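Computation of the quantities below employed the complete heavy-atom set of this structure, encompassing side-chain atoms and omitting hydrogens, waters and symmetry-equivalent molecules. Order of the sequence lines fixes the chain letters, A, B, ..., with proteins taken first and strands second; residue numbering starts at 1 for each chain. Everything numeric here is computed off the predicted structure, so don't read it as measured data.
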Amino acid sequence: DHAGIATQLMVERQLASEGKKRTAMGREKFIERVWEWKKQYGGNITNQMKRLGASVDWDREYFTMDENLSRAVREVFVRLYEERDADGNRLIYRAKYIVNWCPRCETAISDLEVKHEEVTGKLWEIRYPVVDESSEGASLRDAGPQRAAVPTEFITVATTRPETMLGDTAVAVNAKDGRYTHLHGKKVLLPLMNREIPIITDELAQPEFGTGAVKVTPAHDPNDFQAGLRHNLPQIDVMDEHGVMNANAGPYAGLDRYAARKRVLEDLAAGNFLVGEKEHKLSLGKCDRCATVVEPRLSEQWFLRIKTLADKAIAAVESGEITIVPENYRTIYLNWMNNIHDWCISRQLWWGHRIPAWTCTNEACKEVIVAREAPTQCPKCGSGNLEQVSDVLDTWFSSGLLPFTTLGWPEKTRDLDVFYPNALMITGFDILFFWLARMIMFGCHFMQGHTQDAAVKAAGGDSAAKNDAVPFRHVYIHMLVRDADRQKMSKTKGNVVDPLEVIARFGTDATRFTLAAMAAPGTDVAFNESRTEGYRAFANKIWNAARFMFMNVDRIEPGLRPGTAEGGCLHMGVAGFQATSLEDRWILSRFNRVAADVNDALATYRFHESANRIYDFFWGEFCDWYLELIKPRLNFEEGGDKTAAQAACANLVALFEASLRLLHPIMPFITEEIWQAVYEGNAPSKSIALAAFPQADEKQFDLAAETEMAILQDLIVSVRNLRAELKVENKVKVPVEVYAPEPAIRKMIEQNRGAVERLAHAESLAFTKESLANLSSVRSTARFDVRVIYEAKIDTAAECARLKKELERLEKAISNGQRQLGNEGFLAKAPANVVEGLRKQAEELAVLRDKARSKLAELGC
RNA sequence: GGGCGGUUAGCUCAGUUGGUUAGAGCGCCUGCCUUACAAGCAGGAGGUCGCAGGUUCGAGUCCUGCACUGCCCACCA
């Protein structure tokens with residue numbers, strides 16, 4: 001979008017560096033200059049999106065200042081101006097009101113654009129002399145200034161902005177405050193200005209605070225403004241749009257507000273009016289864009305009467321027609337929406353949508369005309385001299401319309417039928433109120449009565465949704481990316497992480513993976529480079545695994561493609577996969593599980609879970625185990641079977657291809673590259689992005705294979721452990737003995753003895769009839785004992801230490817288990833599978849404990 | 001003044017509806033250039049889950065209070 005105030009600021013800075021000023025240039029020339037700037041920098045965003053691999057319908061690129069969108073903005077403005085609420089008030093109105101004013105940007109800004117900062121400032125106490133009524137009359141004027149020098153009574157007020165006293169038009173006390181009852185109806189003489197102002201009674205003054213008396217400056221404080229209206233007080237504006245004191249400030253005119261503050265304080269002190277100066281904590285409002293301290297300023301602005309729109313926006317979320325993830329933002333949203341104030345939508349800027357309103361320049365008429373197109377003549381007085389209001393609209397006014405204006409509104413378009421309501425809005429929490437809230441308000445209001453195309457609605461699974469006016473059905477709120485130290489990125493701090501730079505160093509895929517893996521809902525991402533380094537290594541791992549695959553395909557069966565039989569690989573998790581071995585059955589089962597988990601994680605916006613799940617599968621299971629396990633079959637030249645090698649190769653390709661599809665949303669580039677290579681130019685679709693996302697087939701879950709494989713892995717790891725402890729040299733293969741009392745398990749190990757020998761670096765594998773638990777160089781599990789036969793001196797002390805630690809752990813676990821299993825409450829209330837699991841575990845732990853005990857006895861420690 | 005988060009291994013972070021022995025990456029220690037991969041492989045050390053209570057058969061997970069910390073909202077001179 002055109003980002004009115006931000007963009008104008010950027011161009012102003014650019015001009016400043018050339019020694020030029022916006023005001024000297026004139027509106028037209030300046031806007032031309034902004035367009036130039038936009039042309040130059042707007043492309044950066046597009047470029048970043050492309051480099052990030054965003055999948056975007058580029059034909060639908062839009063800009064909020066385009067003519068079609070601008071026309072929609074005017075349409076909305078006019079409709080809101082013409083529409084009246086239940087009380088008969090226009091939804092858009094113009095009013096003279098205290099608004100937040102940025103003296104640097106020289107414009108009004110909305111409440112949201114003010115950032116409050118807690119600072120320790122000063123609270124000054126000033127005493128105002130009470131006018132002595134006994135000397136009322138001619139003598140008052142005659143006596144002149146000297147009269148103030150001998151007052152009899154004072155009333156003391158407190159302020160954090162003493163310069164505003166120049167615009168005071170009253171002093172307020174609370175009617176219930178007995179201390180001031182005698183002063184009701186009297187006047188004080190405003191120091192420095194020598195102006196008599198009344199003492200009024202108003203709720204504004206709270207007896208508990210300070211002295212209980214408060215100065216009233218209707219033109220410079222929102223509360224005072226209201227009080228002023230209640231008491232018909234004059235509004236004396238003492239500053240101009242730059243925050244410089246004006247003629248109303250008398251001798252202080254021309255001074256900047258802070259210089260004036262200093263002088264006022266000095267003068268008050270000199271006149272003996274300043275009676276106190278205390279440290280005081282206050283929240284200082286600063287301009288969101290340029291950090292200048294905001295000044296409450298009386299000015300004529302356009303407002304949107306928000307309640308009508310807000311009510312609909314509340315209903316849409318409360319009813320669940322719009323869902324928000326993470327859920328706590330729902331409360332935040334509703335809380336804000338329920339306490340919303342009218343929205344100041346006019347800005348005294350040049351860059352933006354100019355308000356479609358004209359004023360008749362005829363002094364006697366001054367009619368305001370709001371219209372879609374420029375009127376030629378005043379409908380009231382007939383004058384042809386009309387001038388368009390110079391204000392522009394708040395950027396968010398137009399941004400808030402995007403869900404429907406980008407689809408062609410106010411025309412009735414096919415796009416609106418199909419795409420409205422949008423399915424999902426993804427946006428940052430920092431613009432929840434600025435943007436999201438406004439989109440919901442505008443959408444619900446202007447699209448009321450809209451009905452989405454029934455077929456599209458059903459296809460999206462939203463056929464039961466009632467309210468099609470909502471701009472989108474689901475909202476995903478993402479957090480901020482911070483720097484590695486959790487600091488908010490800022491140009492002034494110089495800690496901005498430029499995505500393009502990260503991409504240049506680590507690659508897009510690694511960058512995307514980092515963001516995905518760290519995107520736990522509701523948590524900021526501390527962008528940590530070491531993490532990205534790790535994911536670059538992952539990309540590298542994928543690449544090398546692909547090399548391995550291609551190497552084997554080229555050698556074993558050149559031209560091999562993933563299965564594309566009926567239904568095609570596109571609709572199945574893994575097509576053409578023929579499980580012929582334990583590892584085949586295992587990996588197929590594991591793949592389907594990961595596919596199930598990833599789909600589930602994505603459906604619930606748990607992106608980090610999906611990323612981590614694929615990572616663990618691909619690296620920890622597919623590469624670390626499966627590829628290692630099938631190597632003997634692939635290497636048929638070493639006395640194997642070529643047919644088996646071809647089958648293994650086909651499985652490898654099928655599984656890899658499916659994994660690529662699963663990985664593609666997070667790592668689009670590497671997966672596309674390998675996928676295309678797999679098909680050697682004959683891919684079933686133009687891009688992997690168009691291939692179906694793998695779905696889990698629960699029939700492929702194979703619990704038996706997973707259990708068996710786990711035992712095999714245990715066995716291999718146990719041998720590796722023993723080798724490491726015995727410090728067996730890497731090249732040396734050692735004989736291994738296994739005791740496996742259960743015949744089925746023994747058989748399974750026997751069938752996979754080759755795998756054990758190879759992956760555990762064993763010379764041979766033999767089965768024993770007797771338990772090995774008490775022998776040395778043994779590792780035991782509940783299913784098997786395994787022993788490495790190696791003539792190395794065992795470090796008895798180290799082995800004892802290890803066993804003792806192990807025994808300690810086991811005993812603790814056993815006693816925990818016993819306590820639970822002996823607990824009637826547990827047996828009665830815990831689910832059966834939990835109890836059963838614990839029983840089984842207790843048995844296994846007991847076996848292990850016995851083994852460890854007897855082993856310790858054997859070693860004599 | 002309201003509201004919302006966070007506090008788990010040396011560091012950065014996961015841990016959905018309470019359920020077996022709390023995980024990952026990086027870093028660290030040991031050993032390996034084993035023909036996909038040293039950006040790698042194999043093995044290892046490291047945590048009383050901020051503190052104090054409570055609920056429960058069972059708490060990192062739920063409740064209360066406290067401490068520290070970050071953020072949002074608010075017209076307190």
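Taken residue by residue, residues 162-172 of chain A places no heavy atom nearer than 4.0 Å to RNA chain B.
Each of Asn335(A) and Arg482(A) was assigned the nucleotide of RNA chain B with the nearest heavy atom; the assignment lying further toward the 5' end belongs to Asn335(A). Where Thr160(A) and Leu627(A) meet RNA chain B, the nucleotide closest to each residue was compared, and Leu627(A) sits on the side nearer the 5' end.
For Tyr605(A), the ring-ring contact (aromatic ring centres under 6.0 Å, His included) partners two or more places apart in sequence, or in a different chain, are Tyr476(A). With sequence neighbours left out, His116(A) forms a side chain to side chain contact (heavy atoms under 4.5 Å, CB included) with Val114(A), Ser283(A). In this structure, Arg839(A) has no side chain to side chain donor-acceptor pair (under 3.5 Å) partners at least two apart in sequence or on a different chain. Applying the ring-ring contact (aromatic ring centres under 6.0 Å, His included) criterion to Phe303(A), with sequence neighbours excluded, gives Tyr93(A), Tyr97(A). For the side chain to side chain donor-acceptor pair (under 3.5 Å) test, residues two or more places apart in sequence or in another chain that qualify with Thr514(A) are Thr532(A).
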Legend entry - Under 4.0 Å protein heavy-atom contact, by nucleotide of nucleotides 40-47 of chain B - B base, S sugar-phosphate only: SSSSS-S-
Legend entry - Sequence-aligned protein contact record of nucleotides 9-19 of chain B, with B where the base is within under 4.0 Å of a protein heavy atom and S where only the sugar-phosphate is: ---BSSSS--B
Inset, instruction - Produce a footprint string for nucleotides 59-64 of chain B: one letter per nucleotide, 5' end first; B if the base is under 4.0 Å from any protein heavy atom, S if only the sugar-phosphate is, - if neither. - result: ------
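Remark: RNA chain B takes part in the stems B:1-7 with B:67-73, B:10-13 with B:23-26, B:28-32 with B:40-44, B:50-54 with B:62-66, each of 3 or more antiparallel Watson-Crick or G-U pairs, criterion distances under 3.5 Å.
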Legend entry - Residue pair Arg720(A), Glu725(A): steps toward the salt bridge (charged side-chain N to carboxylate O under 4.0 Å, His left out) verdict: CA-CA 9 Å; Arg720(A) 285 173 177 168; Glu725(A) 271 162 34; over 6 Å; no
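For the pair Arg261(A) and Trp124(A), the cation-pi criterion (under 6.0 Å, within 45° of the ring axis) is not fulfilled.
Distance alone, capped at 3.5 Å, is enough to place a donor-acceptor pair between the Arg438(A) side chain and the Phe434(A) backbone. In this structure a side-chain-to-backbone donor-acceptor pair under 3.5 Å is missing from Asp177(A) to Pro207(A). Judged by distance alone, the side chain of Asp509(A) and the main-chain N or O of Phe669(A) form a donor-acceptor pair under 3.5 Å. Side chain of Arg330(A) to backbone of Val317(A): a donor-acceptor contact under 3.5 angstrom is found. Panel note: side chain Arg606(A), backbone Asp600(A); no donor-acceptor pair is recorded below 3.5 Å.
Distance CD (Glu118(A)) to P (A74(B)): 15 Å, rounded to an integer number of Å. Arg161(A) has its CZ atom 13 Å from the C1' atom of C76(B), to the nearest Å. Atom CG of Asp430(A) and atom C1' of C73(B) are 15 Å apart (whole Å). For the pair Leu282(A) CG and G1(B) C1', the interatomic distance rounds to 15 Å; values are reported in whole Å. Distance, Asn544(A) CG to A36(B) C1': 5 Å, rounded to whole Å. Rounded to whole Å, atom C1' of A36(B) lies 13 Å from atom CG of Asp554(A). The distance between atom CG of Asn339(A) and atom C1' of G1(B), rounded to the nearest whole Å, is 14 Å. Look at CE on Met549(A): it is 18 Å from C1' on U35(B), rounded to the nearest Å.
Using cut-offs of 30° and 60° on the angle between ring planes, the pair Phe513(A) and Tyr615(A) is tilted.
Taking a cutoff of 4.0 Å between a charged side-chain nitrogen and a carboxylate oxygen, Lys122(A) and Glu279(A) do not qualify as a salt bridge. With respect to the salt-bridge test (charged N to carboxylate O, under 4.0 angstrom), the residues Arg555(A) and Glu637(A) qualify. Ion pairing between a basic and an acidic side chain is recognised when a charged N comes within 4.0 Å of a carboxylate O; Arg230(A) and Asp202(A) show such pairing.
Distance from the side chain of Asn730(A) is smallest for U34(B) among the nucleotides U34(B), C75(B), C37(B). The side chain of Asp111(A) approaches A74(B) more closely than any other nucleotide in the set C73(B), A74(B), C4(B). In the set C75(B), C37(B), A39(B), C75(B) carries the atom at the smallest distance from any side-chain atom of His341(A).
Residue pairs meeting the salt bridge (charged side-chain N to carboxylate O under 4.0 Å, His left out) criterion with at least one member in residues 616-628 of chain A, sequence neighbours excluded: Arg590(A)-Glu621(A), Glu628(A)-Lys631(A).
Separating the P atom of G23(B) from that of G15(B) is a span of 15 Å, rounded to the nearest Å. Straight-line distance between the C1' atoms of U21(B) and U64(B): roughly 31 Å, to the nearest whole Å.
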Quick one: side chains of residues 212-221 of chain A, donor-acceptor pairs under 3.5 Å with protein atoms, not counting sequence neighbours, listed by atom name and distance.
{"residue": "Lys215(A)", "atom": "NZ", "partner": "Thr164(A)", "partner atom": "OG1", "Å": "2.8"}
{"residue": "Lys215(A)", "atom": "NZ", "partner": "Asp168(A)", "partner atom": "OD1", "Å": "3.0"}
{"residue": "Lys215(A)", "atom": "NZ", "partner": "Thr217(A)", "partner atom": "OG1", "Å": "2.9"}
{"residue": "Thr217(A)", "atom": "OG1", "partner": "Asp168(A)", "partner atom": "OD1", "Å": "2.6"}
{"residue": "His220(A)", "atom": "NE2", "partner": "Asp237(A)", "partner atom": "OD1", "Å": "3.3"}
{"residue": "His220(A)", "atom": "NE2", "partner": "Val238(A)", "partner atom": "N", "Å": "3.0"}
{"residue": "Asp221(A)", "atom": "OD1", "partner": "Asn223(A)", "partner atom": "N", "Å": "2.8"}
{"residue": "Asp221(A)", "atom": "OD1", "partner": "Asp224(A)", "partner atom": "N", "Å": "3.1"}

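In terms of phosphate contacts, Lys631(A) brings a side-chain nitrogen or oxygen within less than 4.0 Å of OP1 or OP2 of A36(B).
Contacts of Glu729(A) with the nucleic acid, taken as non-hydrogen atoms under 4.0 Å apart, are absent. Residue contacts shown for Tyr615(A) are limited to sugar-phosphate atoms, with no base heavy atom under 4.0 Å away. Counting any heavy atom pair closer than 4.0 Å across all strands shown, Leu123(A) reaches no nucleic acid atom. Nucleic acid contact for His280(A): sugar-phosphate only, since backbone atoms but no base atoms lie under 4.0 Å from a heavy atom of the residue.
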